[in-house]
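Throughout, residue positions are numbered sequentially from 1 according to the sequence presented. The figures that follow rest on heavy atoms only: side chains count, while hydrogens, waters and symmetry mates do not.
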Amino acid sequence: MKISEMKPQIFELASQAEKEIMPQFEKIDKIAQANTIKVMQAFQDNKVSDACFAGTSGYGYDDVGREVLDKVYAQVFCTDAALVRIGFVNGTHALSTALFAMLKPGDTLLSATGLPYDTLRNAIGIEGDCHGSLKFYGINYAQVDLKTNGDPDIEAIKKAAEDKSVRAVLIQRSRGYGDRRALSAEEIGEICSAVKEVDPSINVMVDNCYGEFTGEHEPTEYGVDLMAGSLIKNPGGGIAPTGGYVVGKSELVDKAAMRLTTPGIGGECGATLGNNRLLFQGFFMAPHIVAQALKTATFCAAMMQKIGFETSPAPDDERGDIIQMITLKTADNMKKFCKGIQSGAPVDSFVTPVPWQMPGYNCPVIMAAGAFVQGSSIELSADGPMKEPYIAYMQGGITYESGKLGVMMAVNEMLG
């Protein structure tokens, strides 16, 4: 199916949906403006120049661009330090590096938002028996589930934090593959305050994947000690080719750097191989690109509701991440939706997504992703586990106009 072959009724549905969500678009544009000011200020304060884009090879000593980019990230996220590296292979790598920075054998990691995202479970040791997991090194795990309405269970978190072995608390901001809502930076701040009330020495870490620039404030503005994410999601702006980041207290970021490379080297090495300009430019674009993704998600929610499917967030809900959840009810609907999203992509539009057993997941997953950067979640994509109630998780859209067309193609496929 090509864009030129869409049914006329899809264009009419799209026109109706777009008129209804204009108030949400105005809010999204306001957030993008506020975040652009923060990023611009950091670029200017840290004197970003053409010399920062050169990059290094070999050991990567004295990489000016790498050092300045760390400072820019730290300023935007209001932290002491940052570690922004192409050496992070994905978001899970950045997150597990941050976890090891906070924990030692005998300690307990407490998850305050229920079961973590699928791929992180292997790193922690909740599932699988992977060499080098937290469990492998004698680090224990405990969790507090969210309330049935998706709110953090503050009292239960405080009680669990009273265990003297708890040395770190993990907060997952986004919904991941869960039927839950994303948390706002302010809600994360409430969890952080509750933990610090019990024991100020417990470090609080946030998995901020999919959450950067979705609001005017970040979790690190509310007392979070460490935060990590992926550059092929929000902060890479659809331009960064790979990588991840860790931001937070200097001592913890330094420990994360020792884990990423090796003790005694830390963040002093790591060639950037000519990628600095892409990382700077992607971060500069990120507030605008995230706004495009938020608009695409809002449009998707409105369109899917019009054809009778349950969505979360609803079109007029506040958003804490770029993910749009659609409950599709059947395996056939799941395949049709993902096929439509794929056919609306600029890359590999002719490919039909099929479920497969992806590494790190405990059931087959279907994924539609026609991206310029492989696996880029800030570019339009849709995926989900092939199990009841067959929920698709759509995210991304580096331009609203193209994201809108992708959603329209999905709806066209669903209506046969």
Side-chain angles (χ1 to χ4, degrees), residues 3 6 10-39 173-175 181-182 184-185 209-218 232-239 282-307 309 311-326 337 340-341 344-346 368-372 376-383 392-412:
I3 289 173
M6 270 195 289
I10 304 300
F11 289 90
E12 180 57 34
L13 273 175
S15 178
Q16 293 171 12
E18 210 164 33
K19 289 176 184 176
E20 294 168 5
I21 57 179
M22 278 301 132
Q24 279 66 49
F25 281 17
E26 291 177 8
K27 293 177 183 178
I28 291 169
D29 287 337
K30 181 183 176 185
I31 292 169
Q33 180 65 68
N35 285 320
T36 297
I37 290 171
K38 285 196 294 186
V39 171
R173 184 176 187 178
S174 85
R175 65 189 63 228
R181 63 181 178 80
S184 67
C209 288
Y210 304 103
E212 298 91 350
F213 301 126
T214 56
E216 292 188 26
H217 301 282
E218 298 293 335
I232 62 169
K233 295 182 175 68
N234 302 19
I239 297 176
F283 198 53
F284 169 75
M285 292 291 295
H288 174 73
I289 298 299
V290 171
Q292 303 302 289
L294 289 172
K295 288 180 178 180
T296 299
T298 303
F299 176 75
C300 178
M303 285 288 281
M304 293 306 291
Q305 281 194 2
K306 283 188 174 299
I307 61 171
F309 290 93
T311 66
S312 177
D316 57 351
D317 283 346
E318 295 293 325
R319 294 174 180 268
D321 65 7
I322 62 169
I323 298 173
Q324 181 60 53
M325 189 177 83
I326 310 104
F337 182 84
I341 291 292
F372 291 99
S376 174
S377 300
I378 193 60
E379 299 184 57
L380 184 65
S381 61
D383 49 82
Y393 299 85
M394 193 209 77
Q395 58 270 320
I398 52 177
T399 70
Y400 167 63
E401 293 80 9
S402 62
K404 172 185 171 182
L405 286 173
V407 171
M408 291 168 67
M409 291 289 282
V411 172
N412 190 81

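Scanning both residues, N234 and E212, for their nearest heavy atoms gives ND2-O, 2.8 Å. Contact record, S174 with C209: CB-O, 3.6 Å, taken as the closest heavy-atom pair. Summarising the geometry of K233 relative to I378, their closest heavy-atom pair is O-CB, 3.6 Å, with the distance given to 0.1 Å. In plain terms, the two heavy atoms of Q324 and C300 that are nearest each other are CG-SG, 4.1 Å. Pairing each heavy atom of A382 with each of I341, the nearest pair is CB-CG1, 4.0 Å. In terms of heavy-atom proximity, Q24 sits nearest to P315 at CG-O, 3.3 Å.
Using modelled atom types, one side-chain atom of N35 and one backbone atom of G215 make a donor-acceptor pair closer than 3.5 Å. In this structure a side-chain-to-backbone donor-acceptor pair under 3.5 Å is present from T214 to G320. With hydrogens and angles disregarded, a donor-acceptor distance shorter than 3.5 Å links the side chain of E379 to the backbone of F372. The backbone N or O of Q292 lies less than 3.5 Å from a partner atom in the side chain of T296, making a donor-acceptor pair.
The distance from atom CZ of F299 to atom CE of M408, rounded to the nearest 0.5 Å, is 6.0 Å. Going from atom CD1 of I326 over to atom CD1 of I307 covers 9.5 Å, rounded to the nearest 0.5 Å. Of the inter-residue distances, the one linking I289 atom CD1 with F284 atom CZ reads 10.5 Å to the nearest 0.5 angstrom. The line from CG of L13 to CE of M303 is 5.0 Å long, rounded to the nearest 0.5 Å. From S312, atom OG reaches atom CZ of R319 across 8.5 Å, with rounding to the nearest 0.5 Å.
Aromatic pair Y400/F25: centroids less than 6.0 angstrom apart.
For E318, there are no salt bridge (Lys or Arg N to Asp or Glu O under 4.0 Å) partners, not counting sequence neighbours.
Side-chain contact between I31 and F213 is absent, with no heavy-atom pair separated by less than 4.5 Å. Counting only heavy atoms from C-beta outward, the side chains of D29 and K295 approach each other to under 4.5 Å. Annotation: side chain of N412 is in contact with side chain of M6 (closest heavy-atom distance under 4.5 Å). Using a 4.5 Å heavy-atom threshold, the side chains of D321 and R173 count as separate. Put simply, the side chain of P313 reaches to within 4.5 Å of the side chain of R175, judged on heavy atoms. Two residues are said to be in side-chain contact when any heavy atoms from C-beta on lie closer than 4.5 Å; M394 and S381 fail this criterion. At a threshold of 4.5 Å between non-hydrogen side-chain atoms, the residues K27 and T298 do not count as touching. Counting heavy atoms from C-beta on, the side chains of E20 and K306 come closer than 4.5 Å.
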Applying side chain to side chain contact (heavy atoms under 4.5 Å, CB included), run through K404 and E18 and close with a yes or a no.
CA-CA 10 Å; K404 172 185 171 182; E18 210 164 33; 3.1 Å; yes

With side-chain hydrogen bond (donor to acceptor under 3.5 Å, both in side chains) as the test, would you mind laying out the steps for Q16 and E12 before giving the verdict?
CA-CA 6 Å; Q16 293 171 12; E12 180 57 34; 3.2 Å; yes

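Using a 3.5 Å distance cut-off with no hydrogens or angles, the side chains of Q395 and S377 do not pair a donor with an acceptor.
For OH of Y393, the number of neighbouring non-hydrogen atoms (other residues, nucleotides, ligands) closer than 6.0 Å is greater than 12.
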